[in-house]
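Below, chains carry the letters A, B, ... as their sequence lines are ordered, and counting in each starts from 1. This structure is a prediction, so every number in the text was calculated from the model and none was measured. Quick note: numbers below take in every heavy atom, side chains included, and nothing from hydrogens, waters or symmetry partners.
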Amino acid sequence: MRKTTVTLVTCKRIHAHYTALILINPMDQSMTTEFTPLMSLAGGMLIGLAAVLLMATNGRIAGISGILSRLLPPGVDSTGWMQGAAIVLGLLAAAPLYNLLGAGPIEQTITTGYWPLAAAGLLVGFGAAFGNGCTSGHGVCGISRLSMRSIVATVTFMITAAATVFVLRHVIGA
Amino acid sequence: MTIAAALLSGLVFGLGLIISGMANPAKVQNFLDIAGNWDPSLAFVMGGAIAVTLPGYKLLRQRSGPLFGERFAWPGKTELDGRLISGAAIFGIGWGLGGFCPGPALTALPVAATGTLFFVPAMLAGIVLAKIVARR
């Protein structure tokens, strides 16, 4: 019981901190963020719960890029379309609901410019659809299935992502 | 029922992304920035998610099928091919550049940070492009 109370207090404190930290600063490349082990672990467990729920009820893998891919042409998945659209709708509704419950505002710091973000979106969409998965499909669901494909994919994108950030912040931005 | 379950799952997934801090690109990029302002939070997100999903999937594997759907759609591919590696590598470059992956980008969209209005349409275009290339 005591432990639960401590956790809640910590969460509240972090939220108060978040409220003071709503920044959208496109210039600051060295933005620091607070290490949030408890909230991140709790949020991660919710993501896991959602993945198990989707498999238990509908028999589907909670890979977001895969779900999006089946909603889009060419070769739209017409039988599972409504299901996929419902998952996307749920994802979209999460932030408004979170704010409505008074838990917000949600901290967002975007340090990348608009056109680099468009390029990033193109690479993320193409890469995830071409490699059959993203952080959720390979990183969470695939690793949880102990799939060698997903483990290799996750290690690969972690390396290229870290290398990209290194170049952006310490080579170009230095 | 499948629609309601899918909606609930998406909602819980999104709330998880928000609570974990992953809807904030700076937090993702700081996880990737080991040489700079390293923020290890993302490892806890993945750890927490896998700690629930791994035993959850293990239990489900003993069942014959899902509650509402027809069958469990477990992925069947096992070969490590060039498509997997190159796709993952390209995905990682975009992820590092923007700090967004597909789930958090969708969740962050209604927060209406202007960047997501550039990122999400480009991401959808990228998915369509990959499907066209993969069909050839």
[X] portion near chain B, given a 4.5 angstrom heavy-atom threshold:
X      : result
A/T154 : side chain
A/T164 : side chain
A/L97  : side chain
A/L71  : neither
A/A62  : both

Single-linkage hydrophobic cluster, 4.5 Å side-chain cutoff, [X] and [Y] together:
X      : Y     : value
B/L8   : B/M1  : no
A/V140 : B/L60 : no
B/L67  : B/V12 : no
A/I143 : B/L32 : yes
A/L89  : A/L68 : no

Would you say [X] and [Y] make side-chain contact, with heavy atoms under 4.5 Å?
X      : Y      : result
A/H170 : B/D33  : yes
B/I34  : A/F166 : no
A/I61  : B/Y57  : yes
A/I47  : B/M46  : no
A/F126 : B/I90  : yes
B/T78  : A/M148 : no
A/P73  : B/K131 : no
B/T107 : A/L92  : no

> Between A/T33, A/T36, A/T109, which is the residue that forms a side chain to side chain donor-acceptor pair (under 3.5 Å) with B/K27?
Replying inline: A/T36

>> I'd like to know whether B/M123 forms a side chain to side chain contact (heavy atoms under 4.5 Å, CB included) with A/L122, so could you lay out the CA-CA distance, the side-chain angles of the two residues, the decisive distance to 0.1 Å, and finally the verdict.
In response: CA-CA 5 Å; B/M123 177 178 81; A/L122 202 61; over 6 Å; no

[X] portion near chain A, given a 4.5 angstrom heavy-atom threshold:
X      : result
B/R83  : both
B/P121 : neither
B/K58  : neither
B/A51  : neither
B/L59  : neither
B/R63  : neither

Between atom [atom1] of [X] and atom [atom2] of [Y], what is the distance when rounded to the nearest 0.5 Å?
X      : Y      : atom1 : atom2 : result
B/L84  : A/T156 : CG    : OG1   : 7.0 Å
A/Q83  : B/L7   : CD    : CG    : 11.5 Å
B/L124 : A/S69  : CG    : OG    : 10.5 Å
B/I50  : A/M45  : CD1   : CE    : 12.5 Å
A/L117 : B/F119 : CG    : CZ    : 7.5 Å
B/I3   : A/M82  : CD1   : CE    : 5.0 Å

I'd like to know which of [options] tops the heavy-atom pair count under 4.5 Å against chain A.
options                      : answer
B/G94, B/P104, B/G65         : B/G94
B/A4, B/G98, B/A134          : B/G98
B/G69, B/A23, B/G14, B/S41   : B/S41
B/S86, B/G103, B/C101, B/A89 : B/A89
B/L15, B/I132, B/V28         : B/L15
B/D81, B/L42, B/I93          : B/I93

>> Can you confirm if the aromatic rings of B/F44 and A/F35 lie within a centre distance of less than 6.0 Å?
In response: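 Distance test on ring centres: under 6.0 Å, yes.
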
Chain B: which of [options] shares the most heavy-atom pairs with it under 4.5 Å?
options                       : value
A/V88, A/L91, A/V165, A/L72   : A/L91
A/C134, A/P116, A/A153        : A/C134
A/A50, A/A93, A/P74           : A/P74
A/A163, A/S147, A/C141, A/A42 : A/C141
A/G63, A/A162, A/A95, A/A86   : A/A86

> Any idea how A/F157 and B/F91 line up, ring-wise: parallel (<30°), tilted (30 to 60°), or perpendicular (>60°)?
Replying inline: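 If you compare the ring of A/F157 with that of B/F91, the planes turn out perpendicular.
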
> Checking side chain to side chain contact (heavy atoms under 4.5 Å, CB included) for the pair A/L41/B/V45: CA distance, chi angles, key distance, verdict?
Replying inline: CA-CA 5 Å; A/L41 193 69; B/V45 182; over 6 Å; no

>> The test is side chain to side chain contact (heavy atoms under 4.5 Å, CB included); show your working for B/T53 and A/R145 and say whether it passes.
In response: CA-CA 8 Å; B/T53 312; A/R145 292 186 301 110; over 6 Å; no

>> B/F13 and side chain to side chain contact (heavy atoms under 4.5 Å, CB included): which single residue from A/I64, A/I87, A/L54 fits?
In response: A/I64

> Which heavy atom of B/W95 sits nearest a heavy atom of A/A161, and at what distance?
Replying inline: CE3-CB, 3.6 Å

>> Applying side chain to side chain contact (heavy atoms under 4.5 Å, CB included) to B/Q29 and A/T112, what does each step give before you reach the verdict?
In response: CA-CA 10 Å; B/Q29 287 175 318; A/T112 314; 3.6 Å; yes

>> A quick test of your reading: do over 12 heavy atoms of other residues, nucleotides or ligands sit less than 6.0 Å from CH2 of B/W74?
In response: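 It does: B/W74 CH2 has more than 12 such atoms within range.
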
> Where do B/T2 and A/N58 land on the side-chain hydrogen bond (donor to acceptor under 3.5 Å, both in side chains) test, with the steps shown first?
Replying inline: CA-CA 6 Å; B/T2 53; A/N58 296 10; 5.0 Å; no

